[in-house]
A.B. asks: 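I am attaching a structure below and will ask some questions about it afterwards.
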Amino acid sequence: MSGAAGWLDRRTGWRDFFRRHFTEARLPVGSDSWLSLGWVLVFAFALQIATGMLLLLYFVPAPEQAFESVGRIMSEVPYGWFVRLIHSHAANWMVLGLFVHLFHTALSGSYKAPRELTWITGCLLLLMVLGMALSGYILPWSQLSYWATTVVTASFRYVPFVGQELVEWVRGGELVGAPTFRRAFMAHVALLPAGLALVLVFHLALARRAGPAPPPVRGRTSSGTAPGAGIPFHPRFVLKHGIQIVLFLMLVFATVFFAPHLFSPLESFLAADPFDTPPNVKPEWYLLWAYQLPRMVPERLSLVLQGVAVTGLFALPFLDRGPARHPLDRPAATAAVLLALVALVVLTVLGYLA
Amino acid sequence: MRNDDDRGAPTPVADRRRALQLLLSGSAVGVAALVGWPVARYVQPAPEDEAASAVELPDDEIGLWDAKLIALRGRPVLVVNTGDGYEAISAVCTHLGCIVKWKKGRRQFFCPCHGGRFDVEGRVLGGPAPRPLARLEVEELPGRIVVRLA
């Protein structure tokens, strides 16, 4: 080994790393395209970081100027509309992808030993991505940002004992205002991306250590691949993941070019007015279920139900501990996951129609 | 080298090690508290500016059963002329914080978010609001009214 690559290898051992994790790594026989979704999500996160950094060149992080600066990005900065729409559309598709990844993992029983921590860090990533989406939502300081943030943060007051204090702490004051904006900005560009990157590295390291779960087979309880067995990760799965990433980009570009306002209701084109609530304020689609639930059951009960759902999500590997992984071999867990999925979809649709 | 009879009995070395561990753990907790307390205080909402806790209006500015939206220390307040006097009501709905609107025809406040309804004194008439709207102090002086934070 000579030259720059050899020099670097002697100091970092990158060739060995590449060999162990790519060319000599093997995935279970029968691994399908679902496996690529995780890598698509990693790519989507990287895309968010890249486009977010570009937006920071022109976005003015002050409530009095934020709306105007977003307008400038959209209409005056060369390709500003393109960067911003990719940022917002890819974020929405990323959230959808995360939900799909989560439900696929739950239905295929891939959270079972020894992958419990991979599941828990994945759930944590979902919450952090929702936090990223919410904190990013307020930054354009439009009527939609302002009032959706007001409604979402106000719902924290139902948290027992510390509800009102929590609302004021999140807002940085009694009402949504400049302190809320600054907190959201800090969370969106510093705290959450750093935290997310850290948890993501841990999640990937855990996933790599345990190896991907083989597809579940009826009546069998296999949870791993024997050393040396399976299909080489490179080039087979590198190519597969690459194709899925291209498909993801096609989806993002399709909505950016052909449905640019898909995620932008009318109120997102009006500057925030703290003295005028537009009629029928709703949060983004991924929180419509939480918006709709308190409209159907008493608010405290809805909070309890949400608490139970989130706790159940994290605790799933410890509630369903049997060795069987195929959905039909563990009907109770499968029914619970399907029930959660149906409830999520129905509440989202009802919230949309409300 | 220890014999079997000594096994389990704490040795001076083990004692010292345990004491050092306790000392280190205690120091770590102390350092965490020293760093954590200022950080926790720093991220607390800053105290609000106490200035401008009253707003003055000419008494002929609001017609009978009309309402005027004013800002009192950055908070929206609706002042209604009831004929017998004035009511100043916080426009922030007690449900999820949307801004209520005054419906002159019905003489009610109405929340556009989830349909909360309140009478002219802020009492809940319907909808999901858990508490009445906050009432503010109104002082009627010759030719003007003064609205104050209660």
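Letters A, B, ... mirror the listed sequences (proteins, then strands); counts begin at 1.
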A.B. asks: Return yes when atom CD of A:Glu165 has more than 12 non-hydrogen atoms of other residues, nucleotides or ligands closer than 6.0 Å, and no otherwise.
C.D. replies: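 Yes - once you tally the heavy atoms of other residues, nucleotides and ligands closer than 6.0 Å, there are more than 12.
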A.B. asks: Could you tell me if the side chain of B:Pro130 sits less than 4.5 Å from the side chain of A:Arg157, heavy atoms only?
C.D. replies: yes
A.B. asks: If you count heavy atoms of other groups shown closer than 6.0 angstrom to CZ of B:Arg18, is the number above 12?
C.D. replies: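 Check fails, neighbour count at 12 or below.
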A.B. asks: Quick check against the 3.5 Å criterion: does A:Arg171 have a side-chain atom that pairs as donor or acceptor with the backbone of B:Pro45?
C.D. replies: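 Here the side-chain-to-backbone pair does not exist.
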A.B. asks: Please round to the nearest 0.5 Å and tell me the distance separating atom CD of A:Glu168 and atom CD of B:Gln44.
C.D. replies: 9.5 Å
A.B. asks: Heavy-atom distances under 4.5 Å only: say whether A:Pro274 touches chain B with side chain, backbone, both or neither.
C.D. replies: backbone
A.B. asks: Examine whether an atom of B:Val92 lies under 4.5 Å from a heavy atom of chain A, and if so say whether it belongs to the side chain, the backbone or both; otherwise answer neither.
C.D. replies: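 It is the side chain, since no backbone atom gets that close.
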A.B. asks: So, for B:Gly97 and A:Thr150, which heavy atoms are closest and what is the spacing to 0.1 Å?
C.D. replies: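 Closest heavy-atom pair between B:Gly97 and A:Thr150: O-CG2, 3.5 Å.
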A.B. asks: Do other residues, nucleotides or ligands put more than 12 heavy atoms under 6.0 Å from the CH2 atom of A:Trp169?
C.D. replies: no
A.B. asks: Of all the heavy-atom pairs spanning A:Thr277 and B:Ile99, show the shortest one and how long it is.
C.D. replies: OG1-N, 2.6 Å
A.B. asks: Taking side chain as C-beta onward, heavy atoms only, is B:Pro76 less than 4.5 Å from A:Leu175?
C.D. replies: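 They are in side-chain contact.
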A.B. asks: Looking only at heavy atoms, which two atoms of B:Ile70 and A:Phe275 are closest? And how far apart?
C.D. replies: O-CE2, 3.8 Å
A.B. asks: Hey, what do you get for CD (A:Glu174) to CZ (B:Arg73), rounding to the nearest 0.5 Å?
C.D. replies: 9.5 Å
A.B. asks: If you take all heavy atoms of A:Val281 and B:Cys113, which pair is closest and at what distance?
C.D. replies: CG2-SG, 4.0 Å
A.B. asks: Please classify the contact between A:Trp147 and chain B as side chain, backbone, both or neither, with a heavy-atom cut-off of under 4.5 Å.
C.D. replies: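 The side chain, not the backbone.
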A.B. asks: Pick from B:Cys98, B:Gly115, B:Gly74: which one has the most heavy-atom pairs with chain A under 4.5 Å?
C.D. replies: B:Cys98
A.B. asks: Under 4.5 Å from any heavy atom of chain A, what part of B:His95 do you find: side chain, backbone, both or neither?
C.D. replies: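 Both parts, backbone and side chain.
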A.B. asks: Which bit of A:Tyr291 is near chain B, if near means a heavy-atom gap under 4.5 Å: side chain, backbone, both or neither?
C.D. replies: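 For A:Tyr291, side-chain heavy atoms alone lie under 4.5 Å from chain B.
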A.B. asks: In terms of heavy-atom contacts, does OH of A:Tyr58 have more than 12 from other residues, nucleotides or ligands at under 6.0 Å?
C.D. replies: no
A.B. asks: Heavy-atom cut-off 4.5 Å, strictly under: side chain, backbone, both or neither for A:Tyr158 against chain B?
C.D. replies: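 Interface part for A:Tyr158: side chain.
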A.B. asks: For a quick test of reading the model, state the closest non-hydrogen atom pair linking B:Lys101 to A:Asp276 and the distance between them.
C.D. replies: NZ-OD1, 2.7 Å
